[in-house]
Amino acid sequence: MALAFETGRGDAMEGIDFEKNAAWCDADHSGEAFDRALEDGGEDATCALGVLRRDVARVAGDLEIWFGYSSNFRDVDANEKKAAKKAAKRFATLSAVGGDADDGDDDDASAVDRAVLGFGAVMASTGEAFFLRAANRATTRARLEKIFAKCRVVTYHAQDIVHAAMDAGVTGVDASTTRVVDCRIDAWLANPDRAYDGGIADTGACKDASWSDALGCFQSDLTAALSFVPRGDAPLARDVEAKVAVALGVLQHHGVGFDRTRADEQRRAANRRVEELEREAQKCIGVDINLASAQQVADVLYNKLKLPTPSAHAMKGSKSSHLSTSVEVLQSLVKHHHFAQIVLNHRGALKERAMCDNYDKSAVIAADGRARIHTQWNNTKTATGRLSSSHPNIQQVGRGTMRNCFVAPTGRTFIAADYSQIELRVLAHLSGDDRLISLLRQAKGDVFVAIWNAGKGLPLDAPAEKSTRDIAKRTAYGIVYGQHATGLAEKLGVPKSEAQGYIAAFHRAFPKVNQWITRVLQRAEQTGAVTLPMSGRHRALPKIHSKVFSERSEAQRQAVNTIIQGTAADMMKTAMLRWTSAVGAGRFANDVAPGSVNKKRVTLVAQIHDELLFEVDEDYVPECARAVKNVMENAIKLAVPTPIKLAVGTSWGELREEDSAVDEATHLIEA
DNA sequence: AGGAATATGATGCGG
DNA sequence: TCCGCATCATAT
C-alpha cells in the first residue's frame, strides 16, 4: 500500500496539509452534508470506508515517514509492492528493536511514532467524500458509529478498520448486524493460495509521493472500491467471511490478558538453562561451538565424535548436503553420546526464551495497568480457510509453561472450549461411512480405542493398550492427510508392511471413506479444483494434472485435506458468528437468541483452530458455559455429534475440565 | 576484504 | 502428511 514516502521532514510530524485538502477534510463541521449524504442513501446507503495511518521512524538521524491505508482493491505493480513491503518490514523491525524510545542522537534506527491520522468515507449515493480526522475525536467517533449502524460498509480490510475504529473510541460495533463488503476477501476467495497481506504491504500505492497525494490517492481508492460492491445477493461464503472479519476486528481490539512478571521469570529461567547448557557442552566436547547451528552440531556429531550416521533421512537437501540433526536423529544418538541430549535441551531452552521475548515485547499496558496482547487476526491467509494469527502468533503458544503467562483479568476466568476430533467427525459425515458414523454416535469411551477395535473386529468398547490406541489415532489422521504407508511407518517406527496393514484395516473397517476419497479425486481431476460442500469456497489445484508424480500426489493430498480441514474451519466460523449473535442484536440462527448472552460479562479473546477462548466474569461461568456449548455443538448438523470439551481456569495453562455441571444443566433444559 | 540487506532452509511450536 | 508463524544460521 501505500505510500507516500519522504525523508528529513521531522518538522511536519502531522505530515499532511489538511487545510489544502479542505474539500474533503472535515470542513463540514456541522455535519449537515454528512447526514444528508447518509439520508440520501436510504436503506441501501453504501459507504466506502478506510483508515489512513502514518508511521515515523528515525533512520541514521533523519526521520522517515510512511503513509499507509486500508481501503482499496487496486492491484499494484511488482515494484511498488516490493517497495511498500520493504518499508513495512523495516518499520516493524525498527519498532521491535528501538521500542518507543527516540531520545538518543545516535545513528541507530528507532521507531518514533505511529498513528492513525483519520478515516476516509465516500458515499455511494452522492460520491461525496469525508475525511474524519482522528484528532477530532468526538466528531469522528459519532460519524463512524453512524456509518457502521446505517450503511453497507465497503472496505479493503474489514478487521483492520473495525479495530482502528474501536481504538478510536467507537463502541457498539456489532458483527451480527454490521453489513460489510470486504474486497480483499473477494480476492482471497478467488485465489486462496495467495496469502493476502494486510495494510501497508498490499494495497494501492502513490506513484508521485507527496503529502497531498497520499490523501488524494486514498480518496480515489475509496471511490474505486465502491465499484466492487456486489450486485444482488452475495454468495454465502463472501457474506460469512466479511462478518467473520468484523468479529476478528473486535477480537483484536479486546486482546488477551498477559502477565509480564510471569513471562519475565520464565524468560530468565530459560536464559539460565541456555547458558548452563552452553557451558556443559563446552565441557562435554572440549570445544566451543554455536549449539544453534545445525552445521556445527553435525560436524561435532559425525566428524569429531564419529557417531553412526542415521540411515533414515541422513542427508538433507543436495545444496548444503550435510547430515541431519533433527529431533528424531538426535534422540536416536542420545544412547551413544550425552552431547546429543545437551543439544536437544539447548534447543528447547532457546525456543522458550525466544517465545517469552516475542510475547512479552508485544504486550501493551492497558488503562487498568494490566498487560494485554493484541494479536493480528487474519482470515485471508490460508489456503484451506482456517484463520491465522501473527504479531505475535497466539495459535502456536506452547502447551508447556508459556500458557501460564496468559491470565484472565481480576474477577474473571478463562473458559476454553475445544471441539473433539473435529476433522475425524467431518470425515465421517462427508464420507457417509455407516460404521464410522455409528461409532462416533455411540460416544462411549475413547474414540481411537473404538477405531482400533473396529479394525480388529473386536467389540468397540474392548480394552486396548495406549500404544495401540495411538497407532489408531495416527492412522486415522494419516488418512485425513493423505499419508502413505511409508510415511506412517516412519512416524510409528514400524516396518512399512505393518503400517500398510493398519491402513488396510482402517479401510476394511470403514470402506466408504476410501470410496469418498476416490470421488473427491475424480472430481478434482475433472474440474482442476475442489469445492467445499458447506460454504462453496473453492481452491484451484492445477498440479492435479501434473505429469510429475510427486506434484500430482501433493495436489491429491491437498484436495482431500482441503475439504476436511476447510469444512472444520467453516464449522468454527459458523460457531463464531452464532456467538456474535448471542452477544449481539442480529439473528444468525433460530436457536441462538440475539442478546441472550450478556456481552459485558464475557469476551471472546482467541480462536485456536478447534478451540475458542473466553474471559468470563467468575459468577457468570455456568450460564456462559451453557451458551458456549449450544453455540458450538449445534453450529452445524452433521451425521455425527460434534461435542466440545470445556475447561475453566484463571490462566490458559492451568485449566481444569469442567463439563459435568454443564452437561447436567443442558440435559435439564433439553428435557 | 567485509558489512548490510535479502532470501532460503532447518528447526520447532501449534492445530 | 495437511495448514500455519517465528527464530536462527547461512549463502548470496
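When reading the values below, keep in mind they use all heavy atoms of this one structure, side chains included, and skip hydrogens, waters and symmetry mates. Convention: sequence-line order gives letters A, B, ...; per-chain numbering from 1. None of these values were measured; they are calculated from a predicted model.
At a threshold of 4.0 angstrom between heavy atoms, the contacts of Gly478(A) with the nucleic acid are absent. The residue Val480(A) sits apart from the nucleic acid: no heavy atom pair falls under 4.0 Å. At a threshold of 4.0 angstrom between heavy atoms, the contacts of Arg557(A) are confined to the sugar-phosphate backbone, with no base atom among them. Within the 4.0 angstrom heavy-atom criterion, only backbone atoms of the sugar-phosphate kind lie near Arg403(A); the bases stay farther away. If you check every strand for non-hydrogen atoms under 4.0 Å, Thr562(A) touches nothing. Gln558(A) comes within 4.0 angstrom of the backbone, heavy atoms only, and of no base.
Gln395(A) and Gln607(A) form a side-chain donor-acceptor contact under 3.5 Å, judged by distance and modelled atom types alone.
For Arg399(A) against dG14(B), no side-chain N or O and base N or O form a donor-acceptor pair under 3.5 Å. With hydrogens and angles ignored, a donor-acceptor pair under 3.5 angstrom links the side chain of Gln565(A) to the base of dC2(C).
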For Phe506(A) and Phe510(A): C-alpha separation, side-chain torsions, deciding distance, then whether ring pair (Phe, Tyr, Trp, His ring centres under 6.0 Å) applies. CA-CA 6 Å; Phe506(A) 186 95; Phe510(A) 311 112; 4.9 Å; yes

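Arg403(A) forms a cation-pi arrangement with Trp652(A), by the criterion of a distance under 6.0 Å to the ring centre and an angle within 45° of the ring axis.
For the segment residues 344-351 of chain A, the set of residues with a heavy atom within less than 4.0 Å of an atom of DNA chain B comprises Arg347(A), Lys351(A), in numerical order.
Using a cut-off of 4.0 Å between Lys/Arg side-chain N and Asp/Glu carboxylate O, Glu275(A) and Arg272(A) are scored as not salt-bridged.
Taking the ring centroids of Tyr359(A) and Phe406(A), they lie under the 6.0 Å cut-off.
Sorted by first and then second residue, the pairs that involve residues 567-577 of chain A and meet side chain to side chain donor-acceptor pair (under 3.5 Å), not counting sequence neighbours, are Glu241(A)-Lys573(A), Ser535(A)-Asp570(A), Arg537(A)-Asp570(A).
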Would you tabulate the pairs of protein nitrogen or oxygen atoms and nucleotide nitrogen or oxygen atoms of nucleotides 10-12 of chain C closer than 3.5 angstrom?
{"unit_1": "dT10(C)", "atom_1": "OP1", "unit_2": "Ser293(A)", "atom_2": "OG", "d": "2.6"}

